[in-house]
Structures are given as C-alpha cells and as structure tokens.
Amino acid sequence: YQRRVHGELTAMSTRRSKRSKVEGPKTVELYNGVQMPYLSLGTWKSPKGQVAIAVKEAIAAGYRGIDCANDYGNEAEIGQALKELIDAGTVKREELFIQAKLWNSNHRKEHVKADLVATLKDLQVDYVDSFVIHWPQACPSSGKAPAVCANGPGPAPAAEGSMFPLDEQGRYCNDLESHFVETWLAMEELVDEGLCKTIGLSNFNIAQIREILEHAKKHKPAVLQNECHPYLQLKDLLDFCQANKIQLQAYMPLGSYDRPFVKPGDPEVLQDVNIKAIADKHKKSVAQVVLRWHYQRGVATCPKSVTPSRIKENNEIWDFELSAEDMKEFDRFNIGYRLLLWPETAGHPDYPFKDDLPHGYVVGPAPLNTTKSSRQ
C-alpha cells in the first residue's frame, strides 16, 4: 500500500513538474538572430478610438509584438499609444517587435522607401523590426507616385492618389510595369540603412517565395505572414518555410470572425463544436486552444482584438499543452478553406491565389470596405 501511494504521489509530482515546464519559449530567433514574439497583437480592423486602448492593454498583458500596416488607417493612433508607453517607462522600444507592411501601391523601387518613412513617422519610431511586402501584386496601384495613409486609406479615383486607386469602371488599377523581385531588392537597402531589422513577405505562394530566394542579394525573407487557421493549415508552406529558415506567421489565426468579406455559409473557427470539445477538455477557450495549436506547430500568430478581456485571454496559452492526440484531431479540420481571397485584385499577373478562385471568375468592381469589421 505504501509503495502504491508513494508511486501515485511521485506520478502527481511528475505531472505538476511537467505542467510547470509547459510554458516554453515565447520568442523565436529569426535566421539573422532577431528575436520575434510568437504572439503579437493584430490591428487590422481595429477602429480609431479603440486601437490605442488595445495596444496599451496588450502591453499590460505581456505582449511585446505589434502587427501594423499603413492601409489599416490606424498607424498614427498606434504610434501615439507606443510613444506614451515608452515615455512613461512602461516598456522600452528595444523590448518591442513592431511589424509594418509595404503597400501594394508602392512596389516600384523608387517608391519603397517613401512607404516605410511615412509609417515610421506615424508610428513615431526610428525603425521597425520587420517590414514585409503586404501582397505580391502591384494592385491596387497606378505606379505613378507613392501612396501612403495621408493620401487616403480607401478606394478613390486614381487621380486622387489614394492607396486604393480605381479606374473609370470602379475596378482597381494595376501597375504592370513593376515586379516583386525589383521591390525586394529595394527593401534590402532599407535594412542596410537601419530603417528595419528584417524584411519579409505576406500573402506570397511557394513559387513566388522561391523566386525571391533565388534573387535576394544580401537579405533573405525572415518572416512570411499568410492566412492560416485550422481550416487552412498550409502544411506544405510551413514545411517549405522551415526548410528555408523563414518564420511563418499566421494572420487571421482564429478565422477573423469580423472580417469585412464574410459570406453566408463560411465555416467559423470560433464556433466549431469539435474544437470546442478540445477546449472544454483543457478548460480553455476555443481561441486559446487554437493559438496553442499554432504555437506547437511552430507558427507565430497575430490575433486581433480590441476587447481587453480577450486580449488578455489570448496571451494565456502558456500553462497547458495539447496532447499528440489533440494535435492529430486538428488535422481533421484542414479543408483548404481560404477566407481572404481579395479576388478584385486577381487581374494582376502576380496575384497569388488564382487556384482558389471560382472557375471562370471575372474581376469585378472594388469593394468599398477592406478594413472595417462586418459585425458589431
């Protein structure tokens, strides 16, 4: 009896010991030695008047990564929040990992630097830690001049210089005289100038990433940010990135329930009863087990929220571990369902997801909303 009780106590102690060691590293070292948080705060669709509060709540909750983009139209407010946090001594600039994105209208080599300079001004920082090409296609773009947030982060006739220039038929303009390799070589110069620590890609497919790797001269892609969630697990892309020392970061890691392009009948990650069963087993939320699943795959994430309780909850994924059986169960959810197609830009030859478009798709007028929540 004593031996049995001793054995049970030893097993309990071992389980507690294992639980205490579950946490693991919260950052990943990129190929050039820069440390990147596995978890960052996403800011796409975060409205003005709320995004600054979200940033401050995130920093208070332990986040050190902030994912930004000039086309979101909220970088100036994010920058003011960061300045206040840094000035107050709440966080040091060197403790943060700030990621920004080169907009589609600025792919020409002579426009690349102007894009980043405008972002640095809005964010009130001297450099960003990661600067990625937002999309491979120079659409929407007129190619005539750099277009930044001050020019208008919404669709407008090309003559107005908006970031989303439209032709006379209301379709996005295409710049057919630039290519993302030329863009990449101009991005490399920004690293040498100290304006960004790393450069990377977003929404690129494997063939396009391979083309960048073949032509990069001094700096390889450090990060690839693509849509990734249980319904779109990108297993081949993840393997490719790991083989080439590129960190995959998932945007829409929870499926982005409030995405502006939601369609009737779309599957919703946060409402999946099978994922909820896994969450219930661990006494966690669906969001927490999905973010933990990403982490155990080696995928970084940037979930968006402006709700303080959810921001905090999303960072409470370090005290439990999904079992091998749980991870295998997630394999069943992979149905190759891409939620963000942005097909209105598919008229450009560098559009990355043509295989996902419906047969016979014809490019239509530009949507009026790409940055605001579809649900209240």
Legend entry - Trp342 and Tyr172: CA distance, side-chain angles, deciding distance, ring-ring contact (aromatic ring centres under 6.0 Å, His included) verdict: CA-CA 11 Å; Trp342 204 15; Tyr172 287 135; 5.6 Å; yes
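- Under the side-chain hydrogen bond (donor to acceptor under 3.5 Å, both in side chains) criterion, Lys245 pairs with no residue, sequence neighbours left out.
- Note on residues 167-190: pairs passing salt bridge (charged side-chain N to carboxylate O under 4.0 Å, His left out), not counting sequence neighbours, are Arg108-Asp175, Arg108-Glu177.
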Which atom pairs, one a donor and one an acceptor, fall under 3.5 Å between side chains of residues 92-100 and the rest of the protein, sequence neighbours left out?
unit_1 : atom_1 : unit_2 : atom_2 : d
Arg93  : NH1    : Leu96  : O      : 3.3
Arg93  : NH1    : Asp129 : OD2    : 3.1
Arg93  : NH2    : Tyr127 : O      : 2.9
Arg93  : NH2    : Asp129 : OD2    : 2.9
Glu95  : OE1    : Lys92  : N      : 3.0
Gln99  : OE1    : Ser130 : OG     : 2.8
Gln99  : NE2    : Asp67  : OD1    : 2.8
Gln99  : NE2    : Gln249 : OE1    : 2.8

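- Screening residues 134-150 for side-chain hydrogen bond (donor to acceptor under 3.5 Å, both in side chains), with sequence neighbours left out, gives Asp71-His134, Gln137-Thr345.
- Qualifying ring pair (Phe, Tyr, Trp, His ring centres under 6.0 Å) partners for Trp184, counting only residues two or more places apart in sequence or in other chains: none.
- Sorted pairs that involve residues 343-367 and meet ring pair (Phe, Tyr, Trp, His ring centres under 6.0 Å), not counting sequence neighbours, are lacking altogether.
- With sequence neighbours excluded, the residues forming a ring pair (Phe, Tyr, Trp, His ring centres under 6.0 Å) with Phe180 are Phe204, listed by chain and number.
- Residues passing the ring pair (Phe, Tyr, Trp, His ring centres under 6.0 Å) test with Phe131: none are found, sequence neighbours excluded.
- For residues 206-235, no pair satisfies ring pair (Phe, Tyr, Trp, His ring centres under 6.0 Å), with sequence neighbours left out.
- Annotation: salt bridge (charged side-chain N to carboxylate O under 4.0 Å, His left out) contacts involving residues 221-238, sequence neighbours excluded, comprise Lys235-Asp331.
- Residues that satisfy the side chain to side chain contact (heavy atoms under 4.5 Å, CB included) test with Ala76, not counting sequence neighbours, are Asp122.
- Under the side chain to side chain contact (heavy atoms under 4.5 Å, CB included) criterion, Ala52 pairs with Glu77, Ala81, not counting sequence neighbours.
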